[in-house]
2 protein chains.
Amino acid sequence: MAGRPAEPEVIWARPERSGRGPKPAFSRADIAAAACRIADEGGLDAVTMRHVAAELGCGTMSLYNYVPRKEDLYELMVDRVSGEYDLPEKPSGDWRADLATLAHRARAIMHVHPWMARLMSAVYGFSPNTMRYIEYSLSCLDAIDAPYGEKMELVAMVNGVVTTYVANELQTAERTKSLPWSAEQEHAVRMAYLGREIASGRYPRLAAAFAEDSGPIDMEAVFDRALARVLDGFDSRRPGTSPRPETS
Amino acid sequence: MAGRPAEPEVIWARPERSGRGPKPAFSRADIAAAACRIADEGGLDAVTMRHVAAELGCGTMSLYNYVPRKEDLYELMVDRVSGEYDLPEKPSGDWRADLATLAHRARAIMHVHPWMARLMSAVYGFSPNTMRYIEYSLSCLDAIDAPYGEKMELVAMVNGVVTTYVANELQTAERTKSLPWSAEQEHAVRMAYLGREIASGRYPRLAAAFAEDSGPIDMEAVFDRALARVLDGFDSRRPGTSPRPETS
DNA sequence: CTTAGTTACGTACAACGTACGTAGTGCGCT
DNA sequence: AGCGCACTACGTACGTTGTACGTAACTAAG
């Protein structure tokens with residue numbers, strides 16, 4: 001009988017291979033790769049145990065030998081993508097620039113895997129690659145004399161900004177992948193309602209906000225400003241660093 | 001035949017009552033209330049069309065007369081909870097304090113409805129009460145001379161901080177409501193793995209972070225600091241306002 | 001060699017969202 | 001008044017999901 005306990009368990013604590021029995025046909029990496037491939041093509045909702053098993057070329061239930069619960073499959077996916085950072089051996093020494101670069105890299109990765117942002121706000125666990133990522137983030141702050149608690153808070157905030165903003169950018173596109181209509185249609189309908197509501201005069205400031213300019217929004221610029229503000233907020237509490245670099 | 005189109009639609013644009021036929025047994029508010037009651041008790045995963053219908057005392061499919069898709073039920077829930085703010089008639093004039101108060105109120109509301117944070121990062125639509133909320137947020141910034149685009153970005157950032165942090169605080173508790181084990185068990189198992197991993201020496205800074213102090217974390221204080229940093233970041237770009245009030 | 005743990009996988013079940021058909025109801029029209 | 005149609009109500013049913021369970025084959029440890 002398969003070892004599928006009704007107790008909480010961390011997949012990373014379970015050995016990938018334990019001597020006895022026939023050798024497994026796949027590795028965890030194979031499975032993570034298959035799941036990510038499916039998500040990239042068909043959206044996160046296309047990631048089902050059946051699909052992943054089919055992609056691997058095995059029976060559905062065989063998958064449960066490797067992945068006790070579907071949530072663990074998600075963790076595998078997050079960890080795999082978290083391994084796509086090509087982290088430098090050592091940070092440059094300019095913590096602000098290093099963290100900003102890292103945040104931009106994270107944003108880029110999440111654009112390649114649009115389902116990642118949604119997953120990251122649903123799965124909270126530590127995994128090998130996420131720990132590696134956090135360790136590197138902390139190493140960027142080595143030069144700063146502050147308790148690690150404070151550094152962790154900053155790292156968490158930067159990560160929060162990245163996932164929040166990228167999720168906002170991408171969720172419509174991701175969601176409509178498993179819907180019978182397009183993201184553009186959805187957006188059009190919602191904007192039509194918003195326009196009607198705004199025209200009612202009940203929300204004058206909202207109306208003014210939407211009347212203003214309204215050229216296409218540069219999402220990366222918005223992200224940049226948000227990120228800069230967070231770093232500014234940290235900066236302003238520790239005098240002696242360069243006060244306010246231009247946003248460019 | 002029921003009017004359930006395969007086209008995108010905003011539930012708020014559909015009239016709640018349209019003359020003809022027998023009068024509906026429930027209002028949208030009834031349905032939202034029932035769904036929220038279920039979510040409060042059994043977690044978000046307990047909110048199914050069947051459960052909500054049963055709570056209302058009607059057949060499952062009757063619900064589809066009011067709510068064309070399940071997503072719309074979610075929007076109803078978000079809107080209802082967004083109506084729980086008791087927004088003052090007019091902001092006090094101190095935008096920083098007003099926004100902070102609002103953020104704290106939002107955090108408190110999401111603690112009462114632990115599923116709210118997760119829903120808000122999944123549902124992106126404007127609804128009557130969310131628009132009221134945004135309008136009020138903007139009105140807090142009336143005294144500031146800045147383009148509305150900039151104000152909107154600040155409001156979005158504050159909201160982002162709230163949902164991100166509250167979601168982080170609450171997601172484990174929420175998630176384990178539909179799991180056969182407790183949040184404490186889950187946490188214990190994950191911490192055990194983390195401890196073992198940290199002891200390996202591969203993540204020295206992470207290890208230092210967890211070794212440090214480690215009294216119970218005051219989540220509200222963490223939230224406060226994050227919020228303050230965001231407001232600081234906005235502050236630092238517009239000289240002339242009070243530079244840096246104490247975090248309490 | 002034995003044996004116990006592992007892999008593989010088909011079957012099966014409960015729960016989900018929801019398409020569809022049918023029956024009943026009452027407003028608005030002529 | 002009375003016809004008709006839009007609306008409500010709801011049972012049935014389908015496809016899809018996660019996954020519990022049983023069985024058969026396999027292989028390393030004793």
Side-chain angles (χ1 to χ4, degrees), chain A residues 1-7 9 11 14-28 30-31 35 38-39 42-76 122 175 178-181, chain B residues 1-7 9 11 14-28 30-31 35 38-39 42-76 122 175 178-181:
Chain A
M1 192 166 308
R4 270 175 275 126
E7 283 173 10
E9 194 191 4
I11 191 169
R14 150 191 287 233
E16 191 163 359
R17 176 91 175 90
S18 51
R20 215 85 77 111
K23 62 176 77 163
F26 324 104
S27 68
R28 239 168 234 174
D30 293 334
I31 296 172
I38 291 174
L44 189 56
D45 292 340
V47 177
T48 68
M49 297 303 272
R50 278 168 239 259
H51 281 158
V52 174
E55 177 86 9
L56 287 166
C58 74
T60 306
M61 294 314 289
S62 306
L63 204 53
Y64 280 89
N65 286 319
Y66 304 86
V67 177
R69 298 171 310 123
K70 200 193 172 183
E71 277 222 344
D72 294 316
L73 184 58
Y74 287 148
E75 288 207 40
L76 251 46
R175 214 162 39 88
S178 44
L179 249 45
W181 54 75
Chain B
M1 194 167 308
R4 270 175 274 127
E7 284 174 8
E9 195 192 3
I11 192 169
R14 145 191 291 233
E16 190 163 359
R17 177 90 177 89
S18 53
R20 215 85 78 109
K23 61 175 77 164
F26 325 104
S27 69
R28 238 168 234 174
D30 292 333
I31 295 171
I38 291 173
L44 189 57
D45 292 340
V47 177
T48 69
M49 298 303 271
R50 279 168 238 259
H51 281 158
V52 175
E55 176 87 9
L56 288 166
C58 73
T60 306
M61 293 315 288
S62 305
L63 205 52
Y64 280 89
N65 287 318
Y66 304 86
V67 178
R69 298 171 308 124
K70 200 196 172 181
E71 276 221 345
D72 293 316
L73 185 58
Y74 288 148
E75 288 208 39
L76 252 45
R175 214 163 39 88
S178 44
L179 249 47
W181 54 74

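In what follows, chains are A, B, ... by sequence order, proteins preceding strands, each numbered from 1.
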Inset, instruction - Give me the residues of residues 48-59 of chain A where at least one heavy atom lies under 4.0 Å from an atom of DNA chain C, by number, or none. - result: C58(A), G59(A)
Inset, instruction - Report the distance from atom CG of L179(A) to atom P of dG17(C), rounded to the nearest whole Å. - result: 15 Å
Inset, instruction - Provide the closest heavy-atom pair for A39(B) versus V47(B) in the form atom of the first, atom of the second, distance. - result: CB-CG2, 3.6 Å
Inset, instruction - Consider the side chain of K70(B), meaning its heavy atoms from C-beta on, and name the nucleotide among dT19(D), dG17(C), dT7(C) that approaches it most closely. - result: dG17(C)
Legend entry - Between C1' of dG21(C) and OH of Y64(B), the distance in whole Å: 17 Å
Inset, instruction - Look at the side chain of M61(B) and decide which nucleotide, out of dC26(D), dG11(D), dT8(D), has an atom nearest to it. - result: dG11(D)
Legend entry - Given DNA chain C, 5'-ward residue of the pair P24(A) and P22(B), judged by closest heavy atom: P24(A)
Inset, instruction - Rounded to the nearest angstrom, tell me the gap between atom CG in N65(A) and atom P in dG5(C). - result: 16 Å
Legend entry - D72(B) CG to dG17(C) P, straight-line distance once rounded to whole Å: 13 Å
Inset, instruction - In whole angstrom, give the distance that lies between atom NZ of K23(B) and atom P of dG26(C). - result: 9 Å
Legend entry - Nearest-Å distance for atom pair CG/C1', residues L63(A) and dT6(C): 16 Å
Inset, instruction - Flag the pair P24(B) / N65(B) as yes when at least one side-chain heavy-atom distance between them is below 4.5 Å, and no otherwise. - result: no
Inset, instruction - Compare side-chain N and O positions of S62(A) against OP1 and OP2 of dT7(C) and report whether any pair is under 4.0 Å apart. - result: no
Legend entry - Heavy-atom donor-acceptor pair, S178(B) side chain to R175(B) backbone, under 3.5 Å: yes
Legend entry - Closest approach of Y66(A) to R14(A) (non-hydrogen atoms, all atoms of both residues): O-NH1, 4.5 Å
Legend entry - Distance, nearest 0.5 Å, that separates CG of L73(A) from CD1 of I11(A): 8.0 Å
Inset, instruction - Would you indicate, yes or no, if dA9(D) has its OP1 or OP2 atom less than 4.0 angstrom from a side-chain nitrogen or oxygen of Y66(B)? - result: yes
Legend entry - Min side-chain heavy-atom separation R28(A)-V67(A) under 4.5 Å: no
Legend entry - Y64(B) side chain near M49(B) side chain, heavy-atom distance below 4.5 Å: yes
Inset, instruction - Figure out the CZ/C1' separation between R14(A) and dG5(C), and round it to whole Å. - result: 13 Å
Inset, instruction - Would you mind reading off the distance between D45(A) atom CG and dC16(C) atom P, rounded to a whole angstrom? - result: 17 Å
